[in-house]
Amino acid sequence: MTLEAAARLTEILLALALIQQGLEHLRGFREERLLFGARTILCVLLILGVASPWPLVGLAGLSLLILHRFQGPYNGGSDRMGLLALWCLTLSRLAPVPQWKELAFGYLGVQLVLSYFISGGVKILNPDWRSGRALRDVFRFSAYPVSEALRGWADRPRVLRAMSWAVILFELAFPLTLLSRPALIAGLAVAALFHLANACLFGLNRFFWTWLAVYPAILWLQARLF
Amino acid sequence: MLNAFRLLLPALIPSWNFFDVIAPSPRVEYALTSAKDAAPADWREFRPRPERVSVPALLTRLFWNPRWNQTLFVVSCAERLADNPTDHSQDELFRRIAADLSPDLDAAPWLSFRLVFLSRQGEVIEREVLFQSAPRPLQDIDVR
């Protein structure tokens, strides 16, 4: 996959993810409807490839207004990954020489790997995660489970301990998938299932679409480096 | 604009430490009173979870999940408010609670909210109120 093809695919997937989020805001307050209505229009222009790179530049500028409006990301980590992807794509498009374009887009791929590896690293250092206690707490009293019935999972400590270790080991092992193309594709498929589970259990649907949008960046980087 | 770049920086240099510790978790409760100086008594949880969510509903929410995502933003505002109180966080909470209420509230036009944080101490889940707002007249809250 060439840099151009990977960046274009990431642009389209990111635009679709941002449109999905934007439509959700169209039932919000007036100023949200204006901001996200404008963002949706820019995303459509981006998908159509009209006036490149200005829709990306407009989206990057608009992202600052949206950050100001909510005094931070609206939905934490998923919005942060969306912002990272948007700014890396914009900088890559605007970069004057090919090496800088590669650097900006490659940074996005590196951050995707780190998003799994560091998450696994901080968990394995925490005794509550190693014992399954942390995941029990997530189900028992955190704000994330989408229904009361899901809180019952907190009473299955062995299952949650196994789930904790599965997540930790997968996240820590993810960088090893870069060693071969089939391993990376398999790793990304498992990661997508992980995000799908988080979307269903904890309502984190934005993570699913935003992380998927960044997958072309790591597929390109793997081919570039190995 | 400088503030917006400051807010952007954690996205450009992310920490990726999701769920590194399971911090005390906020619940937003609100109460309506008939007068500004009336003590709120009937606290109600803002958007309590349903008992169950069907599989089709879970899958639909992959594509359309505005209410839950807004609830997660409310949780963020609650955490920010407990950590570093600002008018912005308080205004957001007032607006989103007021927007959920029935418009016919003449009998109890004053809205208050409080933030109850749940945490585990040993095997016991403890509740602690870390913030309670001053009452605000509903008619002054812009929900458009």
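Numbers restart at 1 for each chain; the letters A, B, ... are given by sequence-line order, proteins then strands. All of these numbers come straight from a predicted model, not from anything done at the bench. Excluded from the calculations below are hydrogen atoms, water molecules and symmetry mates; all remaining heavy atoms, backbone and side chain alike, are included.
Closest of all the heavy-atom pairs between B:L59 and A:C200 is CD2-SG, 4.5 Å. When all heavy atoms of B:I22 and A:A134 are compared, the pair lying nearest together is CG1-O, 3.5 Å. When all heavy atoms of B:H88 and A:F70 are compared, the closest pair comes out as CE1-O, 3.4 Å. Across A:L67 and B:L7, no two heavy atoms sit closer than the pair O-CD1, 3.5 Å. Of all heavy-atom pairs between B:V75 and A:A143, the closest is CG2-CB, 3.9 Å. Smallest separation of non-hydrogen atoms from A:D128 and B:R120: OD2-NH2, 4.0 Å.
When the shell of 6.0 Å around NE2 of A:H68 is examined, it contains 12 or fewer heavy atoms from other residues, nucleotides or ligands. More than 12 non-hydrogen atoms from other residues, nucleotides or ligands lie less than 6.0 angstrom from CH2 of B:W64.
The contact between B:E51 and chain A is made by backbone and side chain atoms together, counting heavy-atom distances below 4.5 Å. For a residue to count as touching a neighbouring chain, one of its non-hydrogen atoms must lie under 4.5 Å from one of that chain's; by this rule A:L23 touches chain B with backbone and side chain alike. Looking at B:A23, only its backbone comes within 4.5 Å of chain A, counting heavy atoms on both sides. Looking at A:Y107, the atoms closer than 4.5 Å to chain B (heavy atoms on both sides) all sit in the side chain, from C-beta outward. Residue contact with chain A, scored on non-hydrogen atoms closer than 4.5 Å, involves the backbone of B:S15 exclusively. When heavy atoms are compared at a cutoff of 4.5 Å, B:P10 approaches chain A by way of both its backbone and its side chain. When heavy atoms are compared at a cutoff of 4.5 Å, B:V55 does not approach chain A at all.
The aromatic ring centres of B:W16 and A:F117 sit 6.0 Å or more apart.
A:E24 and B:R61 are not joined by a salt bridge, as no carboxylate oxygen comes within less than 4.0 angstrom of a charged side-chain nitrogen. The pair A:E31-B:R95 meets the salt-bridge criterion, with a side-chain N (NZ, NE, NH1 or NH2) lying under 4.0 Å from an Asp/Glu carboxylate O.
Evaluated for a ring pair (Phe, Tyr, Trp, His ring centres under 6.0 Å) with B:F18, the options A:Y116, A:F207, A:W129 yield exactly one hit, A:F207.
Note that CZ of A:F141 and CZ of B:F117 are 11.5 Å apart. Values are rounded to the nearest 0.5 Å.
Relative orientation of the B:F5 and A:W87 rings is perpendicular, given thresholds of 30° and 60° on the angle between their planes. The aromatic rings of A:Y74 and B:F73 lie parallel to each other, with less than 30° between the two planes, well short of the 60° mark.
The residue among A:R133, A:Q111, A:Q21, A:R30 with the most heavy atom pairs within less than 4.5 Å of chain B is A:R133.
With a 4.5 Å cut-off on side-chain heavy atoms, B:P14 and A:R80 do not count as touching.
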